[in-house]
2 protein chains.
Amino acid sequence: MNNFDLNKYFLEHNLKPTPQRLTIAEYLLNTTSHPTAEEIYQAVAKKLPMPISLATVYNSLDILVKVGIIKEVFTEPNKVRYDKNITNHHHFVNMQTGEIIDVEPYELLSEQLVENYLLKNPKQKFKISNYHITFYGELVE
Amino acid sequence: MNNFDLNKYFLEHNLKPTPQRLTIAEYLLNTTSHPTAEEIYQAVAKKLPMPISLATVYNSLDILVKVGIIKEVFTEPNKVRYDKNITNHHHFVNMQTGEIIDVEPYELLSEQLVENYLLKNPKQKFKISNYHITFYGELVE
DNA sequence: ATATGATTTAGAATTATTCTAATTATAGAA
DNA sequence: TTCTATAATTAGAATAATTCTAAATCATAT
Ligand SMILES: [Mn+2]
Ligand SMILES: [Mn+2]
Ligand SMILES: [Zn+2]
Ligand SMILES: [Zn+2]
């Protein structure tokens, strides 16, 4: 999504495309990392001509989550990260660096997985609406 | 694990079986819920004859995690929960109540899952040492 | 131009957690 | 037994992430 689309997208969702919101969204859409609010605040503060407050960063992120441009991810204790990748996907945490890498879902397995968990845990009837896998490990080679 | 075992277990791991630690461990071992430090603090304070400090709860929980009597679970933003179930397992979050229920792993699928994720994401070579699934949904019937 | 509501802001407040430094408990040496 | 070293606990301060509050600014429609 480029700047033009972003502006349009905001208007379509009845969101004022303010410089703060646009810069935050643009920053997220141009990174594959999964930054925290603080990291976003630091980066966006440098780009904007006017000062920005951390409250605005949190407000904007909440709004962007609500309209569905971004997602929140919880992979670590006491830290929320934000993700431009809004498709269903999973995360690999590099235990050496802390880096979080997107992992594509495997639909065939996905169906099997949910089915089998339903069978395997018969005591309570779950209706699973979604699930998220966090992989932990390291990169090799 | 009963009280006697617990005492023995502590000694075997060079941990003084203090009333605070024993009461915290005992509380966790007798619940299937996944309580927070604050919930544990409240419960344990009632049981102990002497007062206990929240710092001791956090200290003791860290130690119990380190020796492997309990595990930490992260299913929600900005909240760590503690789990007596130290086997590899997953969690189902009841989105209506917030309740967290253990979900048994399905080993056959598990192997397939890891294998396939390795195949499906060939750009970077992951060495997956473990993974955790959080299911979201509701209970039916 | 003016009014109105939306947005942003600085800073206070809150929540979860960790740190600090003093106090208490305990086990082993004398 | 007393002494002593070390471990454990404590209250409260500090920190980190987030949310709240209430005032200031901005934008839009009259
Ligand atoms: Mn939020
Ligand atoms: Mn901890
Ligand atoms: Zn992602
Ligand atoms: Zn569990």
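Residue numbering restarts at 1 for every chain, and letters A, B, ... go by the order of the sequence lines.
Using bins of under 30°, 30° to 60° and over 60° for the plane-to-plane angle, the ring pair A/H89/A/H34 lands in the tilted bin.
At the phosphate of D/dT10, OP1 or OP2 sits under 4.0 Å from a side-chain N or O atom of B/T56.
Look at OH on B/Y41: it is 9 Å from P on D/dT10, rounded to the nearest Å. Rounded to an integer number of Å, the gap from A/I24 CD1 to C/dT7 C1' is 12 Å. Rounding to whole angstrom units, OH of residue A/Y58 and P of D/dT18 are separated by 3 Å. A/M50 places its CE atom 13 Å from the C1' atom of D/dA27, with the value rounded to the nearest Å. For the pair B/K16 NZ and C/dT26 C1', the interatomic distance rounds to 5 Å; values are reported in whole Å. For the pair A/E76 CD and D/dT18 C1', the computed distance is 16 Å after rounding to whole Å.
Within the 4.0 angstrom heavy-atom criterion, no nucleotide atom of any strand lies near B/E38. Residue-level contact check: B/P51 touches the backbone only, with heavy atoms under 4.0 Å from sugar-phosphate atoms and none from bases.
For A/L54, whose side chain is taken as the heavy atoms from C-beta onward, the closest listed nucleotide among D/dA8, C/dT17, D/dT18 is D/dT18. Nearest to the side-chain atoms of A/N78 among the listed nucleotides C/dA16, C/dT8, D/dT9 stands C/dA16. Relative to the side chain of A/N59, the nucleotides C/dG11, C/dA16, C/dT8 differ in distance, and C/dT8 lies closest.
Across A/I101, A/D102, A/V73, A/V103, a single residue satisfies side-chain contact (heavy atoms from CB on, under 4.5 Å) together with A/H90, and that is A/V103.
Ring centers of A/Y136 and B/H132: at least 6.0 Å apart, outside the cut-off.
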